[in-house]
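Before we start, here is the structure in question, set down as structure tokens.
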Amino acid sequence: PRSTLFPYTTLFRSTAHRLTRSPTTTPRVLPLAIALALSASGCTDTCDGPTCESTWPTTLLVGHVPNRWPASPDPLTDATSSIRGAVSLGVGWRVSAHNGRTLVAQPDAQRVVAIAPPFGNQTLADVAQGLVLSSLDVSFGTTVVQTDEWVVVGAPEAGLSAGTVSIYRDLPQTGVVPQEDALRLTGATPGDRTGTSIELCADTDGDGLSELLISAPTLTANSPLQGGVWWVPSSSLTNLADGSVPIAAVGLLLTGVSGGDRLGSSILCTLDVDDDGVNDVVVGAPLGASGDGYIQWISGQTLRDGTATASGIVLGSSSNGWFGGQLRSLRTVDDVWLAVGAAGANNGAGQVLLYNPTPLFTTGRRRPNTTLSSLDSDTRHFGRHLTTGDLDADGLDELIVGASDSTVGDDLTAGRLLVWNGQDWPTALIDGADHVVEGRHAFERVGRWTSLADTDNNGTVEIGRAHV
């Protein structure tokens, strides 16, 4: 049902932002950290059902190197590393790596821990570096992103689900850092879930720091659950001391068109749609337009000028398709495309639609340049999770699609992860991924979360995943 697929949608991405038009830097191989919600690891090697899943909530973070994969990779036995959790550390771990610093967020434990390689078959204590960010905010660590200057952590369930976003500046190398040592942006009203997703966007105000794009997908402003996104320029934060500040005092708000849209279920700021040299913002509302979903584009130039008005809207074309539930930029041979997840399309089988965005945002429906689906008839919610990035240093982004609700054989929700190699995408339906990773046990939910991350800063491709 719609309410269980998108009660609010979390989005996790590579934390290092990039300008995506005409890259001038030499492409490098990016390690791929994939955290998959695999519920079996807490009890035994297999999980017999939801009772096991709820009784033993632990995490196993597993690493892979795709260029060493066999034809049909096993999620566990073909892993190159694993980091074991414990019941006290909970589930839902997320990983962020940037310039040699790797952070593991643990929302159930309300903390973020720095870890350091080498990674093998270890416990979290074996690889902990000594830096811990802790908070009293419920769900602290639901999402974490970082730059050289900042670490930004979301806690969308804090404050009666108004949500908070904590910004840490000038972190020490080791020690426990309390929430009092962060600039803490608080959501506007209970139920907004501010901080569900956070994007670090390219500098637009000239101070050399990233701007923040923060989702509040269940925000109620003019209508219930219309959803919204906050644009927070770094210049509005520079002179603020650590402590709590209402996000409305520093950010610009864009809200959904109608009640129930859930605008902000996905957010993106790595596309220059109008080719004016300033990256623009694209946001998804998968339950808008009577369940068909829509995406909106907001000009980066207008955001820089202090306004937040939608410049165009594209509507989904599949009834109850949840179009816009995921958004990713995809670097191709001569341009940067937009990948849009529509996990409810095809009666819940799901689709991923690829667009060349330059002529995209004329309001209405538009035929995609390319449509992706899965060849497996038991695949469910294909496109519920998307990640893109250059895994083989050829200058083209691979597309990684999660379908974690898929049944594999007799194993319910074992899950699938499908990888398409970078290419000059044709204008036709594409079937058949270059790599498929399938869960081997029920309730593993392979494909629930993926992220690109160079965890050891060595330029090789790794895949990490979290068995929850």
Side-chain angles (χ1 to χ4, degrees), residues 11-14 16 18 20-21 23 27-36 64-67 69 73 199 266-268 270-271 282 284 295 322-343 345-346 349-357 360 368-376 379 381-404 406 415-438 446-453 461-465:
L11 175 68
F12 304 96
R13 292 181 49 80
S14 167
R18 68 175 189 275
T20 55
R21 292 265 180 175
R28 60 179 300 218
V29 178
L30 288 176
L32 173 61
I34 300 181
L36 309 179
H64 284 264
V65 178
N67 60 14
W69 273 347
E199 287 286 311
S266 55
I267 55 177
L268 183 69
T270 52
L271 283 175
V282 183
I295 55 177
W322 304 301
F323 176 81
Q326 287 277 271
L327 298 170
R328 293 290 187 269
S329 58
L330 182 67
R331 184 171 49 179
T332 67
V333 171
D334 56 3
D335 212 335
V336 180
W337 284 24
L338 175 65
V340 182
N346 294 334
Q351 285 183 337
V352 175
L353 302 98
L354 306 182
Y355 297 90
N356 184 329
L360 172 61
N369 296 76
T370 300
T371 302
L372 302 179
S373 60
S374 173
L375 291 173
D376 299 289
T379 294
H381 300 151
F382 174 88
R384 186 175 178 183
H385 309 279
L386 299 178
T387 304
T388 59
D390 187 3
L391 304 182
D392 51 15
D394 65 353
L396 303 176
D397 283 343
E398 275 64 54
L399 175 63
I400 302 135
V401 182
S404 59
S406 301
R416 286 191 177 91
L417 182 74
L418 302 95
V419 181
W420 276 264
N421 291 334
Q423 57 184 282
D424 185 14
W425 296 91
T427 57
L429 179 70
I430 304 296
D431 284 319
D434 295 287
H435 304 283
V436 179
V437 182
E438 295 182 329
V446 169
R448 186 172 176 181
W449 179 74
T450 64
S451 176
L452 293 173
V461 177
E462 301 145 4
I463 293 184
R465 51 180 205 168

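Just so you know, these numbers come straight off a predicted model, no measurement behind them. Any value given below was found using the heavy atoms of this structure, including those in side chains, with hydrogens, waters and symmetry copies removed.
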When you compare the side chain of Leu327 with that of Ile267, does any pair of heavy atoms fall below 4.5 Å?
no
Among Leu330, Asp397, Leu271, Asn356, which residue meets the side chain to side chain contact (heavy atoms under 4.5 Å, CB included) test with Val336?
Leu271
Criterion side-chain contact (heavy atoms from CB on, under 4.5 Å) on Leu417 and Val401, from CA distance to verdict
CA-CA 6 Å; Leu417 182 74; Val401 182; over 6 Å; no
Nearest heavy-atom contact between Ser404 and Gly447 is CB-C, 3.8 Å
Has Ser266 got a side-chain atom pairing as donor or acceptor with Gly324's backbone, closer than 3.5 angstrom?
yes
Is the closest side-chain heavy-atom distance between Val419 and Asp434 below 4.5 Å?
no
Would you say the side chain of Glu398 lies within less than 4.5 Å of the side chain of Thr388, judging by non-hydrogen atoms?
no
Please name the pair of heavy atoms, one in Ala342 and one in Phe323, separated by the smallest distance, quoted to 0.1 Å.
CB-CA, 4.0 Å
When every non-hydrogen atom of Val352 is compared with those of Gly383, the smallest separation belongs to CG2-CA, 3.7 Å
Short side-chain to backbone donor-acceptor contact, Gln326 and Leu386, under 3.5 Å:
yes
Roughly how far, to the nearest 0.5 Å, is the CG atom of Asp394 from the CG atom of Asn421?
8.0 Å
So do the side chains of Phe382 and Asn346 get within less than 4.5 Å of each other, counting heavy atoms only?
no
With side chains defined as the heavy atoms from C-beta onward, is the minimum distance between Leu418 and Leu372 less than 4.5 Å?
no
Looking at Ala343, is its backbone amide N or carbonyl O close enough to the side chain of His381 to form a donor-acceptor pair, meaning the two atoms are under 3.5 Å apart?
no
Taking C-beta and beyond as the side chain, do Leu338 and Ile295 meet within less than 4.5 Å on heavy atoms?
yes
From CZ (Arg328) to CD1 (Ile400), nearest 0.5 Å:
9.5 Å
Is the backbone N or O of Gly395 less than 3.5 Å from a side-chain atom of Asp390, with the two atoms forming a donor-acceptor pair by type?
yes
For the CH2 atom of Trp337 and the OG1 atom of Thr370, what is their distance to the nearest 0.5 Å?
4.5 Å
